[in-house]
Amino acid sequence: MSILKKYFNNTRKPDGKLGKIMVNSMNGSSHAALAKWGFTFINISQNDTALDCGCGGGANVKRLLESCDKAYGIDYSEVSVQKSKEVNAEAILQDRCEIYQCDVRKLPFDNDSFNIVTAFETVYFWQEIELALAEVYRVLRSGGTFAITNESTGTDKTSVKFSQIIDGMNLYTAEDLKALLESAGFTDIEIHHHGAKQWLNVTARK
């Protein structure tokens with residue numbers, strides 16, 4: 001496997017030295033712009049409890065903490081979990097934040113635990129996505145919001161190219177995600193396109 005392919009495969013599950021580079025990149029300006037856009041479709045109250053699935057470098061957990069009292073992050077990459085804990089170290093000490101290494105298909109939380117669940121640039125890599133979405137639905141409270149934000153519409157040329165390089169990457173259109181969410185039990189599904197960029201946000205409620 002070429003060094004370039006190894007690097008881009010760390011998008012899926014950051015590991016080792018290349019993974020650390022990738023995680024730092026995830027917290028960079030390009031992902032920040034996407035996250036800022038995605039957050040415009042989420043209404044967060046101060047007393048909400050939030051979960052970021054596939055938290056990567058922890059930047060979006062930190063953004064959640066700007067608006068709510070407590071936020072959790074999960075990722076199946078040890079490198080990502082370590083970085084997320086570093087980025088949110090102060091909030092962890094204040095008992096406002098918890099970060100766990102786990103698979104989204106088996107979340108370590110009780111039913112009806114969260115008002116908000118987010119997934120930024122991650123659902124491409126969820127194995128057995130139907131099971132993962134069922135888990136998100138389980139831990140979300142009635143009336144809660146689940147928000148997916150992707151840098152891809154599922155058909156744009158750049159993402160199609162990367163899906164051929166990155167092992168286990170699956171692209172989803174808005175229609176794909178809507179059908180999957182409905183099948184998992186979600187309602188009030190709203191689809192948002194950026195317009196100028198190939199960005200996609202889908203929100204749903206339990």
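Along the sequence shown, the residues carry numbers beginning at 1. Reckoned from all heavy atoms, side chains included, excluding hydrogens, waters and symmetry mates.
Applying the salt bridge (charged side-chain N to carboxylate O under 4.0 Å, His left out) test to E182 and every residue at least two apart in sequence or in another chain returns K178. Looking at residues two or more places apart in sequence or on another chain, you find no side chain to side chain donor-acceptor pair (under 3.5 Å) involving Y172. Residues passing the side chain to side chain donor-acceptor pair (under 3.5 Å) test with D176, sequence neighbours excluded: T173. In terms of the side-chain contact (heavy atoms from CB on, under 4.5 Å) criterion, residue partners of T122 (sequence neighbours excluded) are, by chain and number, A119, W126. Under the side chain to side chain donor-acceptor pair (under 3.5 Å) criterion, E128 pairs with R105, sequence neighbours left out. Every residue two or more places apart in sequence or in another chain that forms a side-chain contact (heavy atoms from CB on, under 4.5 Å) with E130 is listed here: L180. Legend: residues meeting side chain to side chain donor-acceptor pair (under 3.5 Å) with E98, ordered by chain and number and at least two apart, are K70, Y100. For H194, the ring pair (Phe, Tyr, Trp, His ring centres under 6.0 Å) partners two or more places apart in sequence, or in a different chain, are W37, W199.
Interatomic distance, H193 NE2 to L200 CG, rounded to the nearest 0.5 Å: 5.5 Å. A distance of 11.0 Å separates OG in S183 from CD1 in I129, rounded to the nearest 0.5 Å. Put simply, SG on C53 and CG on L51 are 4.0 Å apart, with the number rounded to the nearest 0.5 Å. In this structure, the separation between CD on E121 and CG on N60 is 10.0 Å, given to the nearest 0.5 Å. Atoms CD1 and CG, from I148 and L181 in turn, are 4.5 Å apart once rounded to the nearest 0.5 Å. Distance check: C55 SG to K83 NZ gives 12.5 Å after rounding to the nearest 0.5 Å.
By the criterion of side-chain heavy atoms lying less than 4.5 angstrom apart, applied directly or through intervening Ile, Leu, Val, Met, Phe, Trp or Tyr residues, F41 is not grouped with F186; the two fall into different hydrophobic clusters. Under a hydrophobic clustering in which Ile, Leu, Val, Met, Phe, Trp and Tyr are joined whenever their side-chain heavy atoms come within less than 4.5 Å, directly or via other members, Y124 and L133 fall into different clusters.
Heavy atoms only, all atoms of each residue included: R63 and A35 are closest at NH1-CB, 3.8 Å. Closest approach of D48 and N43 over heavy atoms only: OD2-O, 4.2 Å. Smallest separation of non-hydrogen atoms from C68 and A50: SG-CB, 4.0 Å. Heavy-atom minimum distance, S77 versus Q101: C-NE2, 4.2 Å. Nearest heavy-atom pair across P108 and C102 is CD-SG, 3.5 Å.
Pairs of residues two or more places apart, or lying in two chains, never qualify as salt bridge (charged side-chain N to carboxylate O under 4.0 Å, His left out) while including a residue from residues 185-198.
For the pairing with N201, the side chain to side chain donor-acceptor pair (under 3.5 Å) check across T149, N150, T40 returns one residue only, T149.
In the hydrophobic clustering (ILVMFWY side chains linked at under 4.5 Å, chained through shared members), F120 is joined by F39, I42, I44, L64, I116. The hydrophobic cluster around I92 extends to V61, L65, V81, I99, counting ILVMFWY residues whose side-chain heavy atoms fall within less than 4.5 Å of a member.
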List, one per line, each side-chain donor-acceptor pair under 3.5 Å for residues 137-147, sequence neighbours excluded.
| from | atom 1 | to | atom 2 | distance (Å) |
| --- | --- | --- | --- | --- |
| R138 | NE | E135 | OE1 | 2.7 |
| R138 | NH1 | F109 | O | 2.8 |
| R138 | NH1 | N111 | OD1 | 2.9 |
| R138 | NH2 | L107 | O | 3.1 |
| R138 | NH2 | F109 | O | 3.1 |
| R138 | NH2 | E135 | OE2 | 3.1 |
| R141 | NE | D112 | O | 3.1 |
| R141 | NE | S113 | O | 3.3 |
| R141 | NH1 | N115 | OD1 | 2.9 |
| R141 | NH2 | S113 | O | 2.9 |
| T145 | OG1 | R205 | NH1 | 3.3 |

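Within 6.0 Å of the CD atom in E86, the count of heavy atoms belonging to other residues, nucleotides or ligands exceeds 12. For N47, the CG atom counts as densely surrounded, since its 6.0 Å shell holds more than 12 non-hydrogen atoms of other residues, nucleotides or ligands. Within 6.0 Å of NZ in K206 there are more than 12 heavy atoms belonging to other residues, nucleotides or ligands.
Judged by distance alone, the side chain of D156 and the main-chain N or O of S152 form no donor-acceptor pair under 3.5 Å.
Under the 4.5 Å side-chain criterion, counting only non-hydrogen atoms from C-beta, T203 is in contact with H192. No side-chain heavy atom of L171 sits less than 4.5 Å from a side-chain heavy atom of T155.
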